[in-house]
Amino acid sequence: MEDVVVIDDPAAAGVSLDPVRARLLAELAVPGSATTLAGKLQLPRQKLNYHLRALEKHGLVELVEERRKGNCTERVLQASASAYVISPQVLGGVQPDPSVSPDGLSARWLLALAARTLREVGLMLAGARKARRKLATFAMDGEIRFASAADRAAFADELSQAMRVLVAKYHDESALGGRSHRLLVAVHPKPTKNTGE
């Protein structure tokens, strides 16, 4: 079982978004069968088998073993990952594009950058798994409370300057065998309970 799988196939994304199937994926963090799941989900075994086949068809669950019980064969399945993320790639032409209206102060552009990050890292993670290699990444997460909008603007200016200095220090366009990396720094308000209001 993988830690996280990025779903980049529209059909698999659709299958995973069904509420019953999403619940099955959560339950199948540990191996189970339609028989064992029927009691937990209060659904008929036949209906669960239908949903399990759909999940299996798209690689979201995998066969662990088959057990013979009288005239029947019980199929024990497990989710292929403990968590799933749907790539914006499944939206095709309506996925956010960071090349449209780049603006460091735009929430739309921030979302487009995040979508591109998810799409690119998902593709590279899948390739790294096939090659049985680790994907070299680095991420930081933090929280900062600004006393005022002026402080936030001053922080953004200082951070921008520090990033320009670091990029100028380490970027080497002529490095043979070098590999380009994306750098994304974002600052956004932290959601609160009343964010939707």
Side-chain angles (χ1 to χ4, degrees), residues 1-34 36-38 40-66 75-103 106-139 141 179-186 188 191 195-196:
M1 177 188 281
E2 300 290 345
D3 289 335
V4 179
V5 166
V6 178
I7 299 171
D8 59 6
D9 172 51
V15 165
S16 71
L17 291 173
D18 177 278
V20 172
R21 293 172 183 164
R23 174 87 191 275
L24 284 170
L25 289 173
E27 291 291 339
L28 288 172
V30 295
S33 67
T36 61
L37 293 165
K40 288 182 182 178
L41 277 69
Q42 300 296 304
L43 291 170
R45 192 178 40 122
Q46 293 79 4
K47 187 172 185 177
L48 289 175
N49 274 323
Y50 166 77
H51 290 298
L52 290 169
R53 279 192 298 277
L55 290 168
E56 188 175 15
K57 177 182 174 186
H58 293 285
L60 300 171
V61 298
E62 299 167 341
L63 182 65
V64 174
E65 67 175 304
E66 291 183 327
R75 301 181 80 239
V76 178
L77 301 160
Q78 184 172 20
S80 58
S82 56
Y84 299 88
V85 177
I86 297 175
S87 172
Q89 178 177 320
V90 303
L91 296 171
V94 296
Q95 65 183 302
D97 181 356
S99 67
V100 176
S101 304
D103 174 5
S106 163
R108 181 196 184 289
W109 195 55
L110 174 57
L111 288 173
L113 291 172
R116 180 183 68 192
T117 301
L118 179 55
R119 186 176 55 250
E120 290 180 351
V121 173
L123 287 171
M124 291 187 304
L125 184 59
R129 283 185 178 135
K130 284 180 186 172
R132 298 185 185 274
R133 301 187 71 179
K134 285 195 172 249
L135 180 62
T137 62
F138 170 76
D141 182 35
R179 184 170 184 185
S180 294
H181 287 69
R182 289 212 189 269
L183 172 66
L184 171 64
V185 177
H188 62 83
T195 298

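All values derive from a computational prediction rather than experimental measurement.
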- Please assess Arg108 against Asp103 for the test side-chain contact (heavy atoms from CB on, under 4.5 Å), listing each intermediate value before the final yes or no. CA-CA 9 Å; Arg108 181 196 184 289; Asp103 174 5; over 6 Å; no

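- Annotation: the span from Leu55 atom CG to Lys57 atom NZ amounts to 11.5 Å, rounded to 0.5 Å.
- To the nearest 0.5 Å, atom CG of residue Leu60 and atom CG of residue Leu24 are 11.0 Å apart.
- Rounding to the nearest 0.5 angstrom, the gap separating the CG atom in Leu77 from the CD atom in Glu66 is 9.0 Å.
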- Task: Test side-chain contact (heavy atoms from CB on, under 4.5 Å) on Arg182 and Thr117 and set out the steps.
- Result: CA-CA 9 Å; Arg182 289 212 189 269; Thr117 301; 5.9 Å; no

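- By the 4.5 Å heavy-atom criterion applied to side chains, Val61 and Arg21 are not counted as neighbours.
- Atom CG of Leu37 is separated from atom CD of Gln42 by 12.0 Å, given to the nearest 0.5 angstrom.
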- Query: Passes side-chain contact (heavy atoms from CB on, under 4.5 Å), Leu43 versus His51? Steps please.
  - Reply: CA-CA 11 Å; Leu43 291 170; His51 290 298; 5.5 Å; no

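- Without hydrogens or angle criteria, Tyr84 side chain to Leu25 main chain gives no donor-acceptor distance under 3.5 Å.
- Taken from CZ in Arg23 to CG in Leu28, the straight-line distance is 11.0 Å, to the nearest 0.5 Å.
- Looking at heavy atoms from C-beta onward, Asp8 lies in side-chain contact with Leu123 at the 4.5 angstrom threshold.
- Minimum heavy-atom separation, Ala79 to Ala29: CB-N, 4.5 Å.
- Between the side chain of Ser33 and the backbone N or O of Arg75, no donor-acceptor pair lies under 3.5 Å.
- Considering every non-hydrogen atom in both Pro98 and Pro96, the closest pair reads CD-O, 3.9 Å.
- Distance alone, capped at 3.5 Å, places no donor-acceptor pair between the Glu2 side chain and the Ser82 backbone.
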- Task: Decide side-chain contact (heavy atoms from CB on, under 4.5 Å) for Val85 and Leu118; before the verdict, give the C-alpha distance in whole Å, the side-chain angles of both, and the deciding distance to 0.1 Å.
- Result: CA-CA 9 Å; Val85 177; Leu118 179 55; 3.4 Å; yes

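- When each of Leu91, Ile86, Val90 is checked for a side-chain contact (heavy atoms from CB on, under 4.5 Å) with Pro10, only Val90 meets the rule.
- With Gln95 contributing its side chain and Gly92 its backbone, the two residues share a donor-acceptor pair below 3.5 Å.
- Shortest non-hydrogen contact noted between Ser80 and Glu62 is CB-OE2, 3.6 Å.
- Annotation for Ala13 and Ile7: closest pair N-CG2, 3.6 Å, computed over non-hydrogen atoms.
- Distance check: Arg119 CZ to Ser87 OG gives 6.5 Å after rounding to the nearest 0.5 Å.
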